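Structure first, commentary second.
In each ligand, atom 1 is the first atom listed, and ligand 1 is the first ligand listed. None of these values were measured; they are calculated from a predicted model.
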Amino acid sequence: MKQDITAAKVPTVMKNWVVKPGDEVSKGDPLCYVMLGTIKRTVSSKFYGKVIETKFAEGDKIPGGEIICVIDGTEEKSNELKPVEPGTVVQVTADNLMGPSGLVKEWYKQPGEKVEPKEPILAVAVGKLTAEVSCPYGGTVKEIMPDIDAKVNKGDVVASVVADGSMAGPELPKPKVVVIGGGPGGYVAAIRAGQLGAEVTVIEKERMGGTCLNRGCIPTKALLHSAEVYQTAVNAAKAGVKIPSVELDWDGVQKNRRSVSSTLIVGVEGLVEANGGSIIKGTATFTGPKSLTVKTAYGIKTYEPDKIIIATGSSPAMPPIPGLAGNDACIDSTGALQMKKLPKSMIIVGGGVIGIELACAYAAFGCKVTIVEMMDRLMPVMDLELTLKAQKIMEEHGIEFFLETQVLSFEKTANGSKVLTKLKSGEEKVFEAEKVLVAVGRKSNIAGLDLEKAGIETERGHIVVNDKMETNVKDVYAIGDCVGKIMLAHTASTMGEIAAENAMGMDEHYDESVCPSCVYMLPEFAYVGINEEQAKAQGLKYKVGRFPMQANGKSLIMEEKDGWIKIIADKETNKILGVHILGARATDVIAESAMAMKMGATVDDMINTIHAHPTVAEAMKEAAMAVEKRAIHFK
Ligand code: FAD
Ligand code: NAD
């Protein structure tokens, strides 16, 4: 059956063809590369079959939606194995590698040995898994090719067999996995399931990449990067660099944010496709325990896959405070990332992670920022001692804080909005700003999925899962922000790997007891493990080491002397219980502590590890030494 292939819905330019008319292709095989602006995209085959025609030569402009290739083939692989005459030499290819490549681990058969149809002849190590390569025909091994430890790519010819006329029965079809949601949970699950041999379809109603790439992690950090570059330029004279006039180009800031997100989104789409996955733009709803309908621009599609992974993420929670709904000066985090012009003033309701990161960015751009928080402290998950230091640093940068303050109502004004509040003292106070960012938490995206039709259990607005990411319905998994665990991109991705592995027959368990969390404020804040308040509440016998960044050479060089590292360790065993870093590069330096804690390390292990100089990381060793009251560079 003739099948048409298009490059993209938007105009592209042909880079080069990988195939030519007459070539046999499998689903997922690269056909050609096209340029989408400066980004190189792979156009992959969605069919098994033979290439009939290729259109457009190198450098040709391809209009959006134009057919570039015609394949005579089908969506499903034909399982039909053709018989071969005894004595025919058959090539053995490494097809089922569960990944793009692996290392030769062991040859089970040597030249001259007999082999049954489908009997494994080679073991290939693919990460922590072992894939076995076999020949569908029985016979005698003629030649084995790659040496032990050599790299083997998927599809490489690894051996040849002289056929004896016997052959395997029909191949079992690949398990079909549908992933709902293409965020860091869903796309990672899709890639992992593809690596393990599933036929994967990702259903995404918007752009791939989810909150993380479109309106979360990446755009906030792109904005913060611009803010940091701006401040560095403004303060460059301190480092001996005179910049006569520094000007903020807000359109440029927004363009950079969009460009970083787009580059990563295109990369993610390519990776899903390179692992054999298909991406369908549409909204999925359940019609039964294992059946879905997907509403697309072209109509309704139905799916009855073998396994379903729900990865629908979360959205900003908007509190039911009078005057908020319909007030266009009041925005959520998505609105705060996409502002057409830099506001002169901003009130942020909620001193959590989103509020703090965006407060730091906007204050650095020159906006007057005020934070209104109902609790008596900011960022409740962080260590209190360092949070108070962080608040002081932000106050020095002009951010104002009103803690224990209750928002009573909002009122739209000519230039923005008023926020009526009740202060800790009981007094009422009215704030006014051009924009009001409401960042008071997020809610799981489960409405509209019709989970009840599938009988999937929910609790307080989240999908209930066990540590294998299984819901109460067999073969249906849920991951990421929609399951009510820690709402982070890296936890969503970890859950995605676990769900995919379990869906493909493995037995993996999710454990978030050692999970680093980072706040990309200026300076950065990161932690792993427990904080001092938790150590006290749990009645633990603990000791603490602290080291100031002003005693760290690298931090001084970078003019980033604000901050501390604090390590909490068990008083008797010396095991590290928690690490808290406030300072430049905290979000990278924390990785060492996460690894140390995962391996059950003690402060002595940290002290006995040589840390390079001059680095921010060497402050970690000093903090560990401070636990033992023996820091070298601080008394
Ligand atoms: P999401 O990323 O939300 O993706 C879910 C996807 O599912 C969406 O694309 C959605 O369109 C799609 N979808 C939903 N329903 C359907 C349906 N019925 N059919 C089809 N598709 C559907 N985390 C960090 O670790 N580090 C950070 O620095 C960080 N910064 C953040 C900054 C901000 C401003 C915000 C808002 C969040 C931030 N996060 C950060 C959190 C992080 O973005 C989320 O934890 C993460 O994106 C969750 O991933 P997910 O795959 O579970 O869901
Ligand atoms: P959050 O839970 O971190 O903070 C919300 C804050 O709002 C809390 O301090 C809460 O006390 C306060 N609040 C609630 N209602 C209020 C009200 N009516 N008036 C005043 N204050 C009120 O939530 P968030 O900042 O919206 O972030 C949501 C989630 O997104 C985070 O929990 C995190 O999982 C994720 N996130 C992560 C990062 C990161 O990893 N760097 C960055 C941004 C977001």
Return the closest protein heavy atom for [atom] as residue, atom name and distance.
atom                    : answer
atom 34 (O) of ligand 2 : M487 O, 2.5 Å
atom 37 (C) of ligand 2 : L488 CD2, 3.7 Å
atom 36 (C) of ligand 1 : R442 NH1, 3.2 Å
atom 40 (C) of ligand 1 : C217 SG, 3.1 Å
atom 7 (O) of ligand 2  : G350 CA, 3.4 Å
atom 2 (O) of ligand 2  : G441 CA, 4.3 Å
atom 14 (C) of ligand 2 : V440 CB, 3.4 Å
atom 41 (C) of ligand 1 : M487 O, 3.9 Å
atom 32 (C) of ligand 1 : G216 C, 3.3 Å
atom 44 (C) of ligand 1 : D481 OD2, 3.3 Å
atom 19 (N) of ligand 1 : A284 N, 3.0 Å
atom 1 (P) of ligand 2  : G352 CA, 4.1 Å
atom 43 (C) of ligand 2 : I354 CG1, 3.4 Å
atom 2 (O) of ligand 1  : T211 N, 2.9 Å
atom 31 (C) of ligand 2 : V353 CG2, 4.2 Å
atom 13 (N) of ligand 1 : K205 CE, 3.8 Å

Side chain, backbone, both or neither: the part of [X] lying under 4.0 Å from ligand 2 by heavy atom:
X    : value
C518 : backbone
E357 : side chain
V372 : backbone

With [atom] as the reference point, say which of [options] has the nearest heavy atom.
atom                    : options          : result
atom 25 (O) of ligand 1 : A189, A489, C482 : A489
atom 14 (C) of ligand 1 : V294, L213, T312 : T312
atom 9 (O) of ligand 1  : K221, M208, E204 : E204

Per-atom contacts, ligand 1 versus [X] - under 4.0 Å to a heavy atom:
X    : answer
A311 : 5 (C), 6 (C), 7 (O)
S314 : 3 (O)
L449 : 18 (N)
Y520 : 28 (O)
A492 : 49 (O), 52 (O)
T220 : 32 (C), 34 (C)
G181 : 6 (C), 7 (O), 12 (C)

Worksheet item: What about F431 and F402, are their ring centers closer than 6.0 Å?
Response: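 Distance test on ring centres: under 6.0 Å, yes.
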
Exercise. State whether the side chain of T405 and the backbone N or O of L403 hold a donor-acceptor pair below 3.5 Å, judged by distance alone.
Key: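 Flag set: sc T405 to bb L403 pair under 3.5 Å.
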
Under 3.5 Å, side chain of D376 to main-chain N/O of E404, donor-acceptor pair present?
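Such a contact is absent between D376 side chain and E404 backbone.
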
**Gap separating the CG atom of L264 from the SG atom of C212, nearest 0.5 angstrom** =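 Here the interatomic distance stands at 8.5 Å.
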
Atom pair CD/OG of E273 and S278 - distance to nearest 0.5 Å: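 The CD atom of E273 sits 7.5 Å away from the OG atom of S278.
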
task: Please report the shortest heavy-atom distance between M620 and S593, naming the atom on each side.
output: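 Closest heavy-atom pair between M620 and S593: CE-OG, 3.2 Å.
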
For residues M495 and I479, report the shortest heavy-atom separation together with the two atoms involved.
->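 Taking every non-hydrogen atom into account, O-CG2, 3.4 Å.
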
Please walk me through it: do K422 and E427 pass salt bridge (Lys or Arg N to Asp or Glu O under 4.0 Å)?
CA-CA 6 Å; K422 191 159 138 203; E427 231 181 289; over 6 Å; no

**Message:** Between D332 and V438, is there a side-chain heavy-atom distance shorter than 4.5 Å?
**Reply:**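 A side-chain contact is absent here, since even the closest heavy-atom pair is not under 4.5 Å.
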
Backbone or side chain, does any N or O of [X] fall under 3.5 Å from an N or O of ligand 1?
X    : answer
G185 : yes
L488 : yes
H490 : yes

Is the shortest distance from a Lys or Arg side-chain nitrogen in [X] or [Y] to a carboxylate oxygen in the other one below 4.0 Å?
X    : Y    : answer
R585 : E560 : no
R41  : E269 : yes
E532 : K566 : yes

Taking heavy atoms and a distance under 4.0 Å, where does [X] meet ligand 1: side chain, backbone, both or neither?
X    : result
P184 : both
T491 : neither
C518 : neither
N214 : neither

| Heavy-atom gap G282 to ligand 1 smaller than 4.0 Å |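 The answer is yes, since G282 has a heavy atom less than 4.0 Å from ligand 1.
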
Note to self: Contact between ligand 1 and G448 is defined here as a heavy atom of the residue under 4.0 Å from a ligand atom; is it met?
What the structure shows: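 The answer is no: ligand 1 sits nowhere under 4.0 Å from a heavy atom of G448.
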
Return yes when A439 approaches ligand 2 closer than 4.0 angstrom through a heavy atom, no otherwise.
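True for this residue.
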
